Amino acid sequence: MTKTNPGRFFEDYQVGQVIKHAVPRTVAEGERALYHALYPARHALYSSDVFAADCGLDGSPVDDLIAFHVVFGKTVPDVSLNAVANLGYAEGRWLLPVYPGDTLRSESEVIGVKENSNGKTGVVYVRTRGINQNDDVVLEYVRWVMVRKGNVDAPAPETVLPDLKKVLSVDDLVIPEGLTFENYYFDLAGEQHRWGDYAVGEIIDHVDGVTIEEAEHMLATRLWQNTAKVHFDLTFRPEGRLIYGGHVISMARALSFNGLANAQMIVGLNGGAHANPCFSGDTIKAWTEVLDKAETDFPGVGAIRLRLVATKDGSVGDLKGEDGKYKSGVLLDLDYWALMPV
Amino acid sequence: MTKTNPGRFFEDYQVGQVIKHAVPRTVAEGERALYHALYPARHALYSSDVFAADCGLDGSPVDDLIAFHVVFGKTVPDVSLNAVANLGYAEGRWLLPVYPGDTLRSESEVIGVKENSNGKTGVVYVRTRGINQNDDVVLEYVRWVMVRKGNVDAPAPETVLPDLKKVLSVDDLVIPEGLTFENYYFDLAGEQHRWGDYAVGEIIDHVDGVTIEEAEHMLATRLWQNTAKVHFDLTFRPEGRLIYGGHVISMARALSFNGLANAQMIVGLNGGAHANPCFSGDTIKAWTEVLDKAETDFPGVGAIRLRLVATKDGSVGDLKGEDGKYKSGVLLDLDYWALMPV
Amino acid sequence: MTKTNPGRFFEDYQVGQVIKHAVPRTVAEGERALYHALYPARHALYSSDVFAADCGLDGSPVDDLIAFHVVFGKTVPDVSLNAVANLGYAEGRWLLPVYPGDTLRSESEVIGVKENSNGKTGVVYVRTRGINQNDDVVLEYVRWVMVRKGNVDAPAPETVLPDLKKVLSVDDLVIPEGLTFENYYFDLAGEQHRWGDYAVGEIIDHVDGVTIEEAEHMLATRLWQNTAKVHFDLTFRPEGRLIYGGHVISMARALSFNGLANAQMIVGLNGGAHANPCFSGDTIKAWTEVLDKAETDFPGVGAIRLRLVATKDGSVGDLKGEDGKYKSGVLLDLDYWALMPV
C-alpha cells in the first residue's frame with residue numbers, strides 16, 4: 001500500500017522547488033470533439049480550420065480552456081490531493097496556441113508558503129507552466145491552495161507571499177503571432193456585435209442553461225487526467241460527487257457565446273473564485289460584466305476584460321451579499337481578458 | 001440582455017432570403033469516434049478506411065448522418081429557435097461524401113411562407129445546404145417549421161408554397177464518384193442479404209433496443225452545436241428534457257444494422273416526421289418497410305427506398321390509427337434512399 | 001424478421017471452423033480521447049507521443065486494452081450472442097502495437113467443443129485474432145463460453161478440449177521491436193517505483209474508486225461495437241443493464257495506475273474471470289498482487305506478472321471463500337504480464 005501516491009502535505013513544499021508533473025499528453029482531434037460534446041462551445045476560431053486560417057492562424061487550435069484543463073489536471077496529484085480549498089488564480093496567460101498533435105506537460109514552481117495560525121494547514125502558491133514538445137511554454141498561471149499538514153508538529157516555514165498583479169494590463173497579454181481580425185466573418189461567428197459595441201459596466205445575461213449530469217462531468221474531469229476522488233467515488237462522498245471547478249468554467253464560458261460570440265480567444269486570467277460547490281442536478285447559467293477594454297497592435301484585434309459569473313439559481317448581476325460574501329447561488333466568478341474584432 | 005440572439009419570428013422571413021448560419025465546423029476523427037460511442041453504428045463503409053477503399057472511396061467518410069446533423073445543427077438558432085413544431089423534410093440529397101478534415105458551413109434559402117389562420121403563427125419552408133471548404137455543396141434538404149409571430153400585428157405575407165417532390169426518383173440521387181460494390185466483402189459487412197434479397201413491402205424488425213439516458217442525448221446534441229434549450233435546461237422544462245429528433249434518427253438508423261447491414265449509404269431523404277416526443281428512459285427500437293427498389297449505373301450498386309420507423313413501445317408494422325394519426329408509441333417515420341450491393 | 005442475426009447456437013460450431021467477424025474498424029485519435037474520458041487512464045506510453053518516442057516507439061499507440069476491446073467486440077455477434085456465460089481467457093498476447101489510423105478486423109477459429117451433460121448447452125473454445133490492414137496479427141487470445149443449443153435434439157459433437165497454457169512464460173511474450181526503457185522519465189510517468197522495487201507476493205491497494213454511471217458504460221460498450229442487448233435495453237433487462245465485463249477490466253487497469261504507473265504495457269493475458277456481475281451504481285476499486293517477475297532481452301525492460309482484482313465492496317486481498325468460490329464483492333480476477341522499467 002506504500003506504493004500509491006499519498007500526495008504532498010504543507011510541510012513538503014519549499015519556495016523555489018520545481019515539481020515536474022506526470023503525465024504528458026498528446027492532444028488531438030479527439031479531445032476537440034469531446035470538448036464540443038461536453039460543452040455548448042461554439043467560438044468559431046476553435047471550431048473551423050478555415051475560420052482560423054482567415055484569422056491568420058495555422059488552422060484551428062484546440063480550445064484555450066482545453067489547454068488550461070490539460071495543464072491544470074496534471075498538477076492535481078502533486079498540488080491539490082490534500083488540499084482543503086482552491087483559493088485563487090492570478091497572472092494567467094496563454095502564450096502560444098495549442099494545435100492538434102501537440103504534446104503538453106506541466107511544471108509548477110512553489111512561489112509562496114504561509115502556515116495558518118491553527119498550525120494544521122497552510123497556503124501554498126505555485127506558478128504552473130504548460131510546456132509543449134518544443135519546450136515552449138504555452139500557458140502559465142499562479143494558483144494558491146490551502147493544504148493540510150501531514151505532521152502537525154512540523155515547524156512553520158518562513159512566510160513568503162508572492163507579489164501578484166491584481167489585474168494583467170493589456171501589455172502583459174501575449175497575442176498569437178499573425179493574428180488578424182481584418183477578414184473576420186461576423187455571419188459565420190454568429191454575432192454582429194463587435195468590440196466597439198460593448199461598454200464598460202455593461203451586463204450581459206447569456207440566457208441559456210444546462211442541467212448537469214453525473215456522467216458528463218466525470219467524462220470531462222477524466223479527460224483532463226484530474227483524478228481527485230471527490231469527483232468520482234460515491235463511497236468516498238456519499239453526499240454527492242463534487243464537480244470539478246473547471247467543468248463550471250468551461251460550461252459558463254461556452255454559454256457566454258450567446259452574447260459574446262466574438263470574444264474569440266482567452267488570453268489572460270486575472271483571477272477567479274469557485275464561490276460555491278456544484279453538484280449533479282444543478283442548472284448552470286451565466287452572465288458577464290464588461291470590466292475594461294483596450295486596444296492592441298494587432299490588425300482589427302481589441303482586448304476586452306470580462307467578469308464571467310456562473311450561477312445555479314439563474315440570478316443576474318447579483319454577486320455578493322452585504323457581508324461581502326458570495327451569494328449561495330453563485331458558482332464561479334472569473335476575471336479574464338479576451339480578444340475581439342474591433 | 002439585448003446582445004443575445006432572440007431568434008427569428010415568422011414575420012422575419014421573406015421568400016428568396018438567404019441566411020448564412022454560424023458556426024463553421026471542421027469535422028474529424030473525434031466526431032467519428034463519438035458517433036460510434038453514442039449510437040450502435042456499424043455500417044462498414046463508415047467504420048473502416050480499408051472497406052471504404054475497396055468500395056472505391058478515398059478512405060472512410062464520416063457517417064452520412066454526421067453530415068446531416070452538423071449541417072442541421074447550425075440552422076437551429078436561425079430557423080427553429082422560436083419554432084412551435086418541426087413539420088417535415090423533403091428533397092434531401094447527399095451530394096458529396098464528407099471526409100475527416102473537411103470544414104462544413106450551412107446556408108438556408110427561404111422558399112415558402114404561409115401564415116396560419118390564427119394569425120399567431122406561420123409555416124416557413126427553407127432549403128438548407130451544407131457547404132465544404134471548397135464551396136462544394138455536400139448535402140441539401142428542405143425543411144418546414146411552424147414559427148411564432150413576434151408581432152401578431154405584422155401583416156400576413158403573400159402565401160408561397162414550394163413545389164416539392166413527394167419522393168425523389170432514382171435519377172435524382174447523386175452517387176459518389178467511383179463507388180463500386182463489385183469487390184464487396186459481405187462477411188466484413190456483417191450480412192449476407194443483398195439488394196436482390198429484399199422485396200418491396202417486406203417488413204424487417206431490427207430487434208435490438210436502447211434505453212436512452214440524459215447524458216448521452218445531450219452529448220450528441222451539443223456535438224452538432226444544436227443548443228436549443230429544450231434539450232438541456234430542466235429549469236426551462238421541468239417536465240423533462242425533450243430529446244433532439246436527430247438523436248432518434250441516428251439511433252434508429254444504427255439499430256437497423258441488424259437486418260440492413262448492407263444498406264451502406266444514405267443518399268436521399270424523401271420525407272420524415274417526428275411523430276411523438278422522446279424522453280430519457282424511453283427504449284428506442286426500430287423496424288423498416290421496403291418501399292421501392294431501383295437499379296443504378298454504378299457497378300454492383302442498387303438503390304433501395306426504406307421507411308425507417310422508431311418506436312418507444314416495441315411495436316412493429318403498426319404506424320397509424322384509424323384516425324390517420326401516428327400511434328402514441330411511434331417516435332419517427334423516415335423515408336430514405338440507401339445504396340446496397342446488388 | 002428472418003434477416004436479423006439470430007446468433008450461433010452450440011450445434012453451429014465445429015472444431016477447425018474459422019469465423020470472419022464484421023465490422024472492420026479504423027481506430028484513431030478519437031478512440032484514444034474517448035478512452036481517456038471513460039477511464040482514468042494515465043499510463044504515459046499511451047498518453048504522449050513524445051514519451052513513447054523516448055521508449056523507442058513510433059509515437060504513442062492506442063491503449064493496449066483499446067486493441068483488446070475492438071477485437072473482442074467484433075466477436076460478440078458470432079460467439080456470445082446466445083452465450084449463457086463467459087467462462088475464461090487464456091494465451092492472450094499483444095503482438096504488435098496499434099497506432100492511430102490502423103484498421104482492425106477479427107477472426108476466430110473454433111478450437112474446442114464440449115456438450116454439457118444436461119444436453120441443453122455446451123462449451124465452445126475459440127482462438128480470436130485481431131488483424132490489421134497489413135494482414136499482421138496484432139493480438140490473439142483464447143476465450144471459452146457456454147452457449148445454448150438451438151435444437152436440443154442436435155447430436156452431441158465429439159468432445160475436443162484444447163491444450164491451453166495455464167500461464168504464459170516470459171519467452172511466449174512478444175515485446176515491440178525497438179522498445180527500450182533506458183531513457184525512461186520516471187517523473188513524467190508519475191511513479192518512482194521500478195521493476196526491482198516490486199516483490200512477488202506483494203499486494204497493492206490502488207485506493208481510488210469510481211462509481212459507475214449508465215451513460216458511461218454504454219458509451220464504452222458501443223465504442224467497441226459490442227451490441228449485446230443486455231448492456232443497453234431496460235425492457236429486455238428491467239432488473240438493470242448488465243455492464244460489459246471489459247468495462248470493468250479497463251476501469252480496474254486504469255485505477256491500478258496509482259501504485260503501478262510504470263507497468264506500462266500489457267503484453268500477455270494468462271487468464272481472467274468475471275467473478276460477479278457489475279451494475280450502475282457500483283463503485284469499482286482495485287488491488288493487485290505481484291505473481292511473478294522475469295527479465296527480458298530488451299534494454300531496461302522487465303516483465304511483471306500481476307493479478308488485478310476489481311471489487312465493488314472495497315475489499316483488498318480477499319478473493320475467495322472457504323468454498324473456493326469468489327466472494328460476492330469481487331468483480332474481476334485478471335492475470336496478466338506487463339512491461340516495466342527495471
Side-chain angles (χ1 to χ4, degrees), chain B residues 28-44 47-53 59-60 100 185-193 197-198 202-211 213-219 254-255 257-261 281 283-285 287 313-314 316, chain C residues 1-6 18-35 37-38 70 73-74 77-78 100-107 132-135 213-229 231-238 241 280:
Chain B
E29 289 81 0
E31 282 76 7
R32 178 151 70 179
L34 266 164
Y35 196 81
H36 283 89
L38 290 162
Y39 308 108
R42 287 185 287 163
H43 287 90
S47 177
S48 162
D49 282 346
V50 177
F51 191 96
S60 180
Y185 293 89
F186 287 86
D187 279 347
L188 293 179
E191 174 71 64
Q192 297 304 322
H193 301 292
D197 297 325
Y198 291 86
E202 181 176 356
I203 284 181
I204 302 152
D205 177 0
H206 300 300
V207 178
D208 300 318
V210 174
T211 310
E213 292 285 327
E214 296 279 21
E216 292 183 339
H217 76 80
M218 289 200 292
L219 286 170
L255 290 169
F257 177 92
N258 197 350
L260 281 168
T283 298
I284 299 181
K285 296 193 174 184
W287 56 272
D313 64 359
V316 175
Chain C
M1 307 200 183
T2 60
K3 288 204 170 68
T4 54
N5 175 23
V18 173
I19 304 169
K20 297 187 176 194
H21 306 294
V23 178
R25 173 66 163 270
T26 304
V27 180
E29 289 82 1
E31 282 77 8
R32 178 151 71 179
L34 266 164
Y35 196 81
L38 290 162
V70 168
K74 301 185 190 328
D78 296 312
D102 282 357
T103 298
L104 302 184
R105 62 183 203 273
S106 300
E107 290 182 8
N132 70 12
Q133 68 278 11
N134 305 317
D135 292 325
E213 293 284 328
E214 296 279 21
E216 292 184 338
H217 75 81
M218 291 201 291
L219 286 170
T221 308
R222 273 191 294 253
L223 188 58
W224 319 127
Q225 299 180 311
N226 173 346
T227 60
K229 63 173 69 171
H231 307 313
F232 298 103
D233 181 351
L234 280 175
T235 65
F236 182 72
R237 269 190 66 92
R241 298 177 184 98
S280 174

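Everything numeric here is computed off the predicted structure, so don't read it as measured data. Quick note on labels: first sequence line is chain A, next is B, and so on, each numbered from 1.
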Find the distance between CG (N5(C)) and CZ (F257(B)) and round it off to the nearest 0.5 Å. 9.0 Å
How long is the gap from CG on L38(B) to CG on L223(C), to the nearest 0.5 Å? 9.5 Å
Nearest heavy-atom contact between A189(B) and A22(C) is C-CB, 3.9 Å
For G30(C) and A33(B), which heavy atoms make the closest approach, and how far apart are they? C-CB, 3.3 Å
Check each atom of S60(B) against the heavy atoms of chain C and say whether the ones under 4.5 Å are side chain, backbone, both or neither. neither
Non-hydrogen atoms of chain B under 4.5 Å away: do they reach the side chain of T103(C), the backbone, both or neither? side chain
Here's a test for you: under side chain to side chain contact (heavy atoms under 4.5 Å, CB included), which of R222(C), H231(C), Q225(C) qualifies with P40(B)? R222(C)
Of the backbone (N, CA, C, O) and the side chain (C-beta and beyond), which part of P100(C) lies under 4.5 Å from a heavy atom of chain B, both, or neither? neither
Name the one of E191(B), E202(B), H193(B) that satisfies side chain to side chain donor-acceptor pair (under 3.5 Å) with K3(C)? E202(B)
Do you know the tightest heavy-atom contact between T283(B) and T235(C)? OG1-CG2, 3.4 Å
Atom group of K229(C) that falls short of 4.5 Å from chain B, counting heavy atoms: side chain
F186(B) CZ: over 12 foreign heavy atoms closer than 6.0 Å: yes
What part of A41(B) is in contact with chain C, defined as an atom under 4.5 angstrom from a non-hydrogen atom: side chain, backbone, both or neither? backbone
Mind checking what makes side-chain hydrogen bond (donor to acceptor under 3.5 Å, both in side chains) contact with H36(B), not counting sequence neighbours? none
If you compare all heavy atoms of L234(C) against all heavy atoms of T211(B), which two are closest, and at what distance to 0.1 Å? N-OG1, 2.7 Å
Please look at R32(C) and chain B and tell me whether the side chain, the backbone, both or neither of the residue comes under 4.5 angstrom of a heavy atom of that chain. neither
By ring pair (Phe, Tyr, Trp, His ring centres under 6.0 Å) - contacts of F232(C) (at least two apart): none
Between chain C and each of S47(B), G190(B), A254(B), count heavy-atom pairs under 4.5 Å; write down the option with the most. S47(B)
Bottom line for A28(C): the part with an atom under 4.5 Å from chain B's heavy atoms is side chain
Short side-chain to backbone donor-acceptor contact, R42(B) and T227(C), under 3.5 Å: no
Could you tell me whether the side chain of T26(C) and the main chain of D49(B) form a donor-acceptor pair under 3.5 Å? yes
Which heavy-atom pair separates E216(B) from L219(C) by the least distance, and what is that distance? OE2-N, 3.8 Å
Sort Y198(B) into side chain, backbone, both or neither according to what part of it lies under 4.5 angstrom from a heavy atom of chain C. both
Identify which of Q133(C), R105(C), R25(C) forms the greatest number of heavy-atom pairs closer than 4.5 Å to chain B. R25(C)
Applying a strict 4.5 Å limit to non-hydrogen atoms, the region of L34(C) in contact with chain B is side chain
D78(C) side, atom CG; D187(B) side, atom CG - distance, nearest 0.5 Å: 9.0 Å
